[in-house]
Structures are given as structure tokens and as C-alpha cells.
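All remarks here apply to the structure that follows.
The sequence lines fix the lettering, A, B, ..., with proteins before strands; numbering per chain opens at 1.
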Amino acid sequence: MKSPIGIFSMTSQRSHDDYQPLVIEKKWQDDWDKQNLYLTPDSDPNRPNRYHATMLPYPSGDLHIGHWWAMAPSDMLARFHRMNGYNVLFPMGFDAFGLPAENAAIQRGIHPQEWTTANIERMRGQLKRMGAMFDWSREINTSSPDYYQWTQWWFLQLFKNGLAYRTETLANWCPKCQTTLANEQVVGDGICERCESPVSQKSMPQWLFKITEYAEELLDFSDMEWPNSVLRMQENWIGKSEGAEILFEIDNPNISEVLSVFTTRPDTLYGVTFMVLAPEHPLVNDIINPEFSKQIKRYQEDSARVTEIERQSTVREKTGVFTGAYCLNPMNGEKVPIWIADYVLATYGTGAIMAVPAHDQRDFEFAQKYELPIKVVIAPENWSENQELEEAYTGKGNLVNSQEFTSLTASDAITKVIEHVESNNLGTKKTQFRIRDWLISRQRYWGAPIPIIHCVDCGTVPVEENDLPIKLPTEVEFLPTGQSPLSLAEKFVNVPCPNCGAPAKRETDTMDTFMCSSWYVYRYTDPANITLPVGPDATKNWPAVDQYTGGAEHAVMHLLYARFFHKFGRDIGVLRGNEPFLNYFAQGQVLGTDGQRMSKSRGNVVAPDEIVDQWGTDAFRAHLAFMGPWENGGPYSEGIIGISRWLNRVWILANSDYSQKNISSRDVEFLRLVNQTIQRVTHDLGEKSFNTAIAALMELTNALSASRESRDVTVENWNFSIKSLLLLLAPITPHISEELWRRSGEKKSIHLESWPVTDESALILSEIEIPIQINGKVKAKIMVPTDATEDTVLELAKTTDQVEKALAGEPIKRVIYVENRLLNIVI
RNA sequence: GCCGGGAUGGCGGAAUUGGCAGACGCAGCAGACUUAAAAUCUGCCGAGGAAUUUCCUUGUGUGGGUUCGAGUCCCACUCCCGGCACCA
């Protein structure tokens with residue numbers, strides 16, 4: 001592929017120079033920088049604030065096409081709103097802590113700090129070449145002490161409010177990254193979100209945040225305009241179930257503990273024929289009948305060896321063993337055998353279930369395998385007593401075999417049974433969530449240290465806020481050993497207890513990097529604040545992000561954590577409002593031209609720098625925006641040549657010395673098209689439909705080319721159309737727009753101009769072409785006055801040859817006329 | 001299994017409320033300009049047919065339906081993508 005740029009003939013008869021994007025792009029980027037064009041004031045008396053943000057990049061080394069795909073249209077959107085009279089904040093920064101820095105540093109034998117700083121330098125330059133309106137005065141770097149001091153501050157607030165706690169817990173352990181992971185970071189069939197290794201389980205003391213405290217509120221999406229798919233993902237992840245916790249007495253006078261289970265189907269309580277505990281359930285060892293202890297032990301050991309992935313496989317055949325113990329059904333006192341089986345998860349509900357094989361497929365399969373009784377208590381349609389089920393019946397129906405509850409509908413019975421157990425202290429109504437607390441401990445080096453000191457006498461002591469930041473020591477051996485690298489840094493670890501002064505030890509785990517990105521959008525609004533992460537003036541000016549953009553792969557990670565942080569921040573009086581991101585738009589993912597994910601091994605990586613070198617930033621921006629709907633993503637298209645041709649035509653048009661040659665009546669039509677284009681582009685950019693906005697601009701360009709040839713509109717109208725075109729282009733292709741704007745004699749930047757307004761009166765038509773259908777098939781098209789009545793149109797239609805022929809004297813049964821749309825004659 | 005989204009020419013895609021399917025662009029074909037190429041400009045471009053500047057038939061994943069009229073609404077299904085998954 002050879003670049004057409006810069007090889008245009010110099011001998012052409014054109015009166016202007018050629019379009020050289022690289023030259024003008026550099027020129028204007030420097031100029032904008034010099035005049036601080038994109039510095040955003042905290043407020044502006046004449047322009048309401050509007051906050052746009054796009055997810056900040058991880059400084060991996062090079063800006064890749066995914067960054068462009070996410071950020072270039074985001075910039076167009078921010079610029080569009082800026083031109084529409086808002087004081088738009090559109091900041092940029094770097095999410096700089098995290099494993100890749102550490103891994104790269106280990107590979108290259110340099111410090112993660114060095115690697116990160118170099119990458120940020122490089123990527124900042126690449127971002128500047130994008131020509132976006134980023135306000136660089138507010139740039140943040142989450143790995144700088146000025147920033148992570150406040151990440152630590154957030155930890156302390158969570159700790160002081162009882163929402164951060166440390167506990168020995170089974171955690172997801174990535175053997176390759178040598179660190180624990182949050183549930184949200186384990187993807188697919190139990191693999192690490194970062195390195196794609198299979199994740200195992202490991203028990204160790206870990207710090208967690210009680211995101212579960214906010215589970216209910218996190219399900220309230222009422223203040224948010226988000227894609228439905230992302231809301232449903234969060235909803236599924238939070239996983240609310242309503243039901244009851246029911247208490248079963250153990251049938252053994254020596255045991256005082258009761259067995260508690262969670263069920264969403266208290267209506268099926270009379271159908272319980274056995275109980276199942278998870279193998280790890282703490283009650284197992286207490287209730288076990290000694291005769292059975294050997295096989296129970298063996299089963300527990302076996303299931304501990306089975307990986308979490310295998311255990312959660314739905315196709316795996318269910319296994320279990322009888323404990324020899326029984327409990328009593330609280331409704332009727334029936335003796336119910338207690339089993340253990342690993343299809344019951346220790347980590348959900350109470351880690352124990354009441355099994356109702358007739359109405360739960362899993363219990364049904366288990367009962368069949370171990371020949372346990374199956375008792376129907378909800379009658380399927382046309383079911384007769386003692387008829388055996390083929391599978392569990394989970395549908396609606398009325399209760400049978402359920403004493404006083406018999407013949408109630410299942411949904412009524414749920415309420416009645418809950419009332420019954422509550423009034424008899426046999427259980428309570430209960431809402432259960434699937435979401436677990438957020439595990440934030442990482443046993444790696446390149447993260448913010450957790451500001452906690454462990455003292456033998458005082459226990460877990462928070463660092464004084466005045467002592468922040470707790471700086472990450474630089475002289476540390478950070479090779480992954482499974483042990484926190486900070487634990488080897490003696491100077492760091494050994495400190496006096498802030499409480500009693502006795503020798504104590506610092507916490508040596510670092511924080512999950514998702515903590516850094518949970519609050520970063522506020523820091524942009526108040527980047528220099530030295531007393532708070534964000535001050536009250538800033539939250540007043542910028543209470544929330546009005547428009548957030550970024551990939552949906554963060555649906556249940558970043559986007560959920562940030563909502564949790566915001567609600568917590570509100571509750572401690574630091575933040576305003578209920579949500580961090582009022583509008584969120586998830587752009588799709590760009591793939592290689594082969595439709596596969598871009599990767600070096602596949603050799604299908606499209607390098608943005610090369611494209612910019614060859615075609616220019618403006619062409620690349622417009623090309624990305626023109627490829628298709630932003631939310632779809634898809635294979636990268638090679639067709640940037642089309643955009644390049646178009647911009648070249650714009651260049652020629654705007655540089656033309658236009659003079660009118662023919663007096664005509666085309667001016668009305670011409671102005672209509674210009675105004676229609678203003679209307680379409682305004683609508684489309686507002687809807688983030690960049691591809692159709694560009695199509696409309698191309699149509700206008702084509703029409704202008706024709707008018708340039710025919711030279712039959714006034715100079716005034718011509719100039720108006722060119723200015724309109726440049727203004728409409730400004731958010732999409734900021735550099736060529738600026739160059740041509742200034743060449744037209746304007747002294748101020750086009751990016752300080754207002755968005756053009758549609759002249760509605762120019763859109764009014766006196767005549768319109770409408771199709772004439774016979775039985776729904778188009779037979780003719782006729783011009784009619786826009787205010788024509790049905791009768792007029794029908795008479796006009798009848799006079800056309802095609803309609804006359806098609807009617808062939810048949811009587812007209814019916815006429816449908818849609819004003820200014822169509823006429824359909826039914827015969 | 002559950003939740004969400006999708007399927008339109010050779011390709012990317014367009015189509016306010018049910019109202020002319022295929023805008024805009026790529027690729028392709030033909031032409032103008034040119035010594036030539038690039039650039040620029042013009043025309044053609046879903047399929048089949050009539051023997052062709054026009055007209056007919058057909059056509060938006062499949063099968064039904066509603067309607068004067070369906071890419072769009074309803075029912076059933078197939079395939080693809082994303083998420084969750086023994087969650088009681």
C-alpha cells in the first residue's frame with residue numbers, strides 16, 4: 001500500500017497547495033498547546049459544566065488501536081458538546097500500578113518505576129498526536145505518591161467505617177502471577193483475567209471490602225443511562241435471591257446447634273426428603289455418626305482435591321455420602337437424612353441445602369442416583385397421586401401433601417410458610433446475594449501499600465492520615481515468590497506501633513489496582529488538593545461524570561467497584577449524588593482484519609502510529625468513526641483510502657476561488673441541503689452515531705463538488721456552506737478544519753466557535769416526490785405539493801400512465817394516503 | 001441451563017413512527033483528463049429475466065402470522081457473539 005499523501009502533482013493547474021496532513025496536524029497541535037486551548041476552568045459563568053471521561057489507559061508501552069477506537073470518538077463527543085456551549089472537562093491519565101509493569105521489569109532487569117515512567121512518556125506523546133482536547137494540566141498517574149496517598153486514604157476511611165476487614169479466607173490464587181485475585185478477576189472457566197492461567201484456591205489472611213453492604217443499592221440503576229447489557233451483567237453478578245432461612249433441629253440430643261439452610265422455595269418444605277451439606281461445612285464433624293466417619297473423611301479429601309472448575313461443572317455427575325445423622329423437618333417433625341455432597345457450595349447461602357428432589361433438578365438427579373425418596377408437593381398439571389416424575393417439576397401449581405397448606409398456590413404458600421416459620425421461630429424471611437466481598441490484597445510489589453500496622457498488643461492499627469503516603473520502597477527484591485515482596489524490605493516492615501510504640505510490622509500486601517481506578521475521575525477535578533482526595537468545591541462543580549466511555553469488559557469489575565466507592569464516598573460526605581457515571585457508553589472491540597482478536601502471535605496487529613504516519617490523524621480518526629456503529633466494533637477495515645479521498649476533496653473545495661457563473665434558482669435547494677446536513681450531523685453526533693454523521697458530511701461534500709462545477713449558487717451561499725461544513729467537521733477532524741478555517745480568514749480557532757444551528761425555514765419544501773403503490777407495490781413516483789390533500793394526490797396519480805395501466809379499469813377498493821410519504825391504491 | 005445482543009449486496013454498513021430496501025464508503029467494471037501512472041472527475045454495480053436508456057419477477061438467517069403495506073410488529077426455530085453458570 002503506497003501513500004497518496006504528498007505525491008500530488010505539483011504541476012497541476014490548482015491555485016492552492018496540496019493537502020499535507022502531517023504538516024498541518026503538527027502545526028496545530030503545537031499551536032493549541034501553546035495557547036492552552038483545552039485548559040478547562042473549574043467553572044465558567046457563561047457555560048454550564050459537563051464532564052466527559054474515557055477510561056484511563058494502562059501504560060503498557062504503546063497506544064494500540066483499541067485505545068484509538070475508544071478515545072477518538074470520545075473526543076469527538078466531548079468536542080461536540082464543547083461547541084454546543086458547555087464547559088467540557090475531558091481529562092486523561094494513566095492507571096500505572098499493576099502486574100504487567102512488574103513482569104516486564106523482571107524480564108528486562110529494570111525497575112517497574114522506570115518502565116512505567118518511560119511508557120507514560122511515550123504514550124503521552126502518542127495521545128497528543130491523536131489531537132484530542134485532553135486537558136493535560138489535570139493528568140494523573142496512579143502510581144505517583146501524590147495520587148496513591150489518597151488511594152490509601154480511601155482504604156483508611158473504609159477501615160474506619162467497618163467496611164475493610166482482614167480475614168483468613170480461601171482466595172483465588174493465580175500460580176503464574178503469584179497473587180490472589182478478586183472473584184471479578186477470575187473469568188471464563190476459572191482463568192486469570194490478566195495472564196489466562198487456571199486459577200486455584202489458597203487459604204491465607206486477606207483484606208476485603210464489604211461491597212456486599214451495598215448490594216441492594218447497587219441494584220438500583222434508576223439514575224443511570226447505561227447499556228442494558230451492562231446493567232443486566234451487574235444484576236446477574238450481584239445475584240439477588242429472595243426466600244427464607246429455615247432452621248432444622250439435629251435429631252441428636254447431644255447436639256445443640258441447628259442446621260440452617262437458605263431456600264427460595266419455602267413452599268416445598270413438605271417435599272424435603274434429605275439434606276445436603278457442603279463437604280467443608282463446619283457442622284459436618286459435629287453431627288457425623290462415627291460409623292460413617294471414614295468414608296466422610298475420604299469424600300472430604302477427594303473433593304478438596306477437585307479443582308473449583310471441575311467442581312462447578314454442571315455436566316459432572318453428582319456425588320455424595322451419607323453422614324449417618326438426621327435432622328427434623330420443622331413443619332412436620334419428619335426425620336430427614338443428612339448427606340454431604342460437593343454440588344452444594346460452601347460459599348453460598350449457609351453452605352447447606354434442604355433437598356426437594358421433586359422440584360429441583362439437581363436434587364432430583366442426586367435422589368435418583370442414591371435412591372432417595374422423591375415426594376411431590378406441587379402438583380403438575382394432570383398429575384395423579386403416586387405418579388412418578390420423569391424430572392423435577394419446577395413449574396407453577398397448587399400444593400399437595402402439605403397439611404394445612406395443601407391446595408394453596410405455590411406463590412401464596414411461599415408467603416404463608418414464611419409467616420408460619422417466623423411466628424414459630426423456625427426461620428426468617430431472607431434475601432441472599434451472590435456477590436461476595438471484594439478481595440483487595442495482592443502479594444505483589446507494584447501497587448499501593450496497605451496503610452496498616454500489625455502490633456502484637458494492639459492488633460490491626462491503621463496508619464495516621466498525617467503519615468500518608470506510606471511510600472512504596474524502591475529498593476526491593478520483587479521477584480514473585482508467593483510471598484509479598486514488601487515483607488522482605490526490613491526497613492519498610494519494621495516500625496513502631498502508632499498506638500503503643502512497641503515494635504510492630506507493616507502490612508506487606510499491596511492493593512488491587514482496581515482501587516486506584518475506583519475514584520480517579522474525582523481526582524481530575526481537583527488534582528492539586530493536598531488535604532483531601534477531592535474537595536467540596538470540586539465535587540460541587542463536577543459531582544459526577546456526565547458521559548463515561550470505555551469497554552464493557554469492565555462491567556462487573558471497574559464499573560461496579562467505582563459505583564461502590566461513589567456510594568461510600570457519598571455516605572462519608574466526600575462525594576455528591578448516588579452514581580459516578582450518569583451516562584455510560586460501551587464501545588465495541590476492534591478486531592484484526594481477519595476477524596480475530598489482534599495479537600502479535602497471529603500477526604494481525606494494526607499499528608496506529610504507522611497509520612497516522614501514512615494517512616494523518618484526521619483521516620484515521622474519521623476512518624475509525626466511519627467503520628460502523630461504535631458499540632459494535634468488529635474487524636478493522638482497510639478502507640481508509642475512501643476517507644483520505646474525501647478529506648482531500650474537502651481541502652480542494654475549501655481552497656477553491658469560487659465565483660458565480662450562472663444565475664439560477666438552485667440556491668433554495670442548496671441551502672436546504674446545507675441545513676439538512678446540519679440537522680443530521682447534530683442529531684447523529686448527539687446519538688454517538690458517528691458513521692452516519694460522516695456519511696451525511698460526505699453527501700454534502702459531493703453536492704458541493706457538483707455546485708463548484710456548475711457555479712450556480714451565490715458566493716454568499718457558497719461561503720456559508722463551506723463554513724458550515726468546516727464547523728460540522730471540527731469535532732471529527734480537528735486539524736484540517738482548523739487549517740481551512742484560518743485560511744478562510746478567521747482569526748480565532750474553529751474550536752472556540754459555536755455549533756451551527758439549523759435554519760428550520762430553509763428545510764420547508766413546497767413540493768415533494770411520493771411513491772404511488774398499487775396493492776403495496778410501487779408503480780410510479782409523482783411530485784405533489786406538500787400540502788396536497790388525499791383527493792388531489794389520487795387524481796394526480798390516476799393520470800400517470802403506469803398507474804392507469806396497473807389499474808386497468810379495476811374498481812378501487814381502498815386508498816391509503818400517508819401525508820408526504822406515499823399513496824397506496826388497493827384494487 | 002439462565003441473561004443480554006446480533007444475522008441486510010463481494011465487503012463495512014444505511015433505513016425517525018410499520019411506508020420507495022441497499023444511503024455513504026471500500027472493492028470491482030467502464031470512461032474523461034494524461035506520453036504514462038498517481039490524483040481528480042463521470043457512469044455502472046443484489047439476483048434472475050424480457051433482448052436492455054425501460055419493464056417484469058424475486059430479494060433483509062429459516063418457517064408461519066398480523067397488516068393496504070413488514071428489514072422493522074407477533075409466534076416458533078437455526079446459527080453467531082458477549083456475560084453468568086450445581087447460586088438452592
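- Not one side-chain nitrogen or oxygen of A:Lys777 sits closer than 4.0 Å to the OP1 or OP2 atom of B:A21.
- Contact annotation for A:Arg680: no contact, since no heavy-atom pair falls under 4.0 Å across all strands.
- The A:Tyr343 side chain lies nearest to B:C86 when the options are B:C86, B:C41, B:U40.
- Here the P atom of nucleotide B:G82 and the CD atom of A:Glu553 are 13 Å apart, to the nearest Å.
- Of the candidates B:A88, B:G12, B:G19, B:A88 carries the atom nearest the A:Ile353 side chain, counting heavy atoms from C-beta on.
- Nucleotides B:A30 and B:G9, compared at atom P, are 26 Å apart to the nearest Å.
- Set against B:G19, B:A88, B:C56, the side chain of A:Lys779 has B:C56 as its closest nucleotide.
- Straight-line distance between the P atoms of B:C41 and B:G48: roughly 31 Å, to the nearest whole Å.
- Nucleic acid contact class of A:Arg232 (heavy atoms, under 4.0 Å, all strands): sugar-phosphate only.
- Side-chain atoms of A:Thr692 lie closest to B:A14 of the nucleotides B:A14, B:C20, B:C84.
- The nearest whole Å value for the distance from the CE atom in A:Met698 to the P atom in B:G13 is 15 Å.
- Put simply, A:Asn702 has a side-chain N or O that comes within less than 4.0 Å of OP1 or OP2 on B:G25.
- Contact annotation: A:Arg649 side-chain N/O to B:C41 OP1/OP2 distance is under 4.0 Å.
- With both ends at atom P, the span from B:C33 to B:A23 equals 29 Å, rounded to whole Å.
- Here the P atom of nucleotide B:A88 and the CZ atom of A:Phe248 are 16 Å apart, to the nearest Å.
- Atom C1' of nucleotide B:G25 and atom CH2 of A:Trp646 are separated by 11 Å, given to the nearest angstrom.
- Taking the six-membered ring for Trp and thresholds of 30 and 60 degrees, A:Phe366 and A:Tyr370 have ring planes inclined between 30 and 60 degrees apart.
- Residue A:Arg645 places none of its side-chain N or O atoms closer than 4.0 Å to OP1 or OP2 of B:C41.
- Closest to the A:Asp342 side chain, of the nucleotides B:C86, B:A85, B:G25, is B:C86.
- The distance between atom CZ of A:Arg814 and atom P of B:C68, rounded to the nearest whole Å, is 5 Å.
- Proximity of a side-chain donor or acceptor of A:Asn604 to a complementary backbone N or O of A:Ser599 within less than 3.5 Å is detected.
- A residue-by-residue look at A:Val778 and A:Val230 shows that A:Val230 has its nearest nucleotide of RNA chain B further toward the 5' end.
- For A:Asn824 against B:C68, a side-chain-to-base donor-acceptor contact under 3.5 Å is present.
- Closest to the A:Glu769 side chain, of the nucleotides B:C24, B:U58, B:C20, is B:C20.
- Taking atom P in both B:U52 and B:U34, one finds a spacing of 36 Å when rounded to whole Å.
- No donor-acceptor pair closer than 3.5 Å links the side chain of A:Thr212 to the backbone N or O of A:Arg436.
- Residues A:Phe690 and A:Phe626 keep their aromatic ring centres 6.0 Å or farther apart.
- Taking the charged nitrogens against the carboxylate oxygens, A:Glu669 and A:Arg672 have no contact shorter than 4.0 Å, which rules out a salt bridge.
- Along RNA chain B, the nucleotide closest to A:Asn228 and the one closest to A:Gly628 are compared, and the more 5′ of them pairs with A:Asn228.
- Summarising the geometry, the separation between CE on A:Met627 and C1' on B:C24 is reported as 15 Å, rounded to the nearest angstrom.
- Interatomic distance, CG of A:Leu231 versus CE of A:Met224, reported as 5.5 Å (0.5 Å rounding).
- An anti orientation is assigned to B:U8, its glycosidic angle lying beyond 90° of 0.
- Across all strands, A:Pro227 comes closer than 4.0 Å to no nucleic acid atom at all (heavy-atom distances).
- Electrostatic pairing of A:Glu245 and A:Lys429 does not count as a salt bridge here, judged by no charged N lying under 4.0 Å from a carboxylate O.
- Contacts of A:Asp363 with the nucleic acid, taken as non-hydrogen atoms under 4.0 Å apart, are absent.
- Taking the syn range as angles within 90° of 0, the glycosidic angle of B:G9 is syn.
- Using P as the reference atom, B:C11 and B:A70 are 26 Å apart when rounded to the nearest Å.
- Across the P atoms, B:C68 and B:C81 are found 41 Å apart, a figure rounded to whole Å.
- A salt bridge does not link A:Lys781 with A:Glu769: none of the charged nitrogens is closer than 4.0 Å to a carboxylate oxygen.
- Among B:U58, B:G19, B:G82, the nucleotide with an atom closest to any side-chain atom of A:Met233 is B:G82.
- Distance A:Leu822 CG to B:A70 P: 12 Å, rounded to the nearest Å.
- Judged by the 6.0 Å and 45° rule, A:Lys240 forms no cation-pi pair with A:Phe433.
- Counting non-hydrogen atoms under 4.0 angstrom, A:Gln773 reaches a base of the nucleic acid.
- Classification of A:Glu699 and A:Arg680 as a salt-bridged pair holds, one side-chain N sitting under 4.0 Å from a carboxylate O.
- Contact annotation for A:Lys781: base contact, defined as any heavy-atom pair under 4.0 Å involving a base atom.
- Taking side-chain N and O atoms only, A:Asn691 has a distance below 4.0 Å to OP1 or OP2 of B:A14.
- Of all nucleotides listed (B:C86, B:A23, B:G19), B:A23 comes nearest to the side chain of A:Glu699.
- The same atom, C1', is picked in B:G5 and in B:C86; the two are 26 Å apart, to the nearest Å.
- A sub-4.0 Å separation between OP1 or OP2 of B:A88 and a side-chain N or O of A:Ser241 is present.
- Atom-to-atom, CD1 of A:Ile652 to P of B:C41 comes out at 6 Å; the value is rounded to the nearest Å.
- Taken together, the paired segments of RNA chain B that extend over three or more consecutive Watson-Crick or G-U pairs, each closer than 3.5 Å at both contacts, are B:1-7 with B:78-84, B:10-12 with B:24-26, B:28-32 with B:40-44, B:46-50 with B:54-58, B:61-65 with B:73-77.
- Comparing the same atom, P, in B:C77 and in B:G83 gives a spacing of 25 Å after rounding to whole Å.
- In this structure, the side chain of A:Arg708 does not engage the main chain of A:Tyr658 through any donor-acceptor pair within 3.5 Å.
- The side chain of A:Ile641 approaches B:C26 more closely than any other nucleotide in the set B:U58, B:C26, B:G13.
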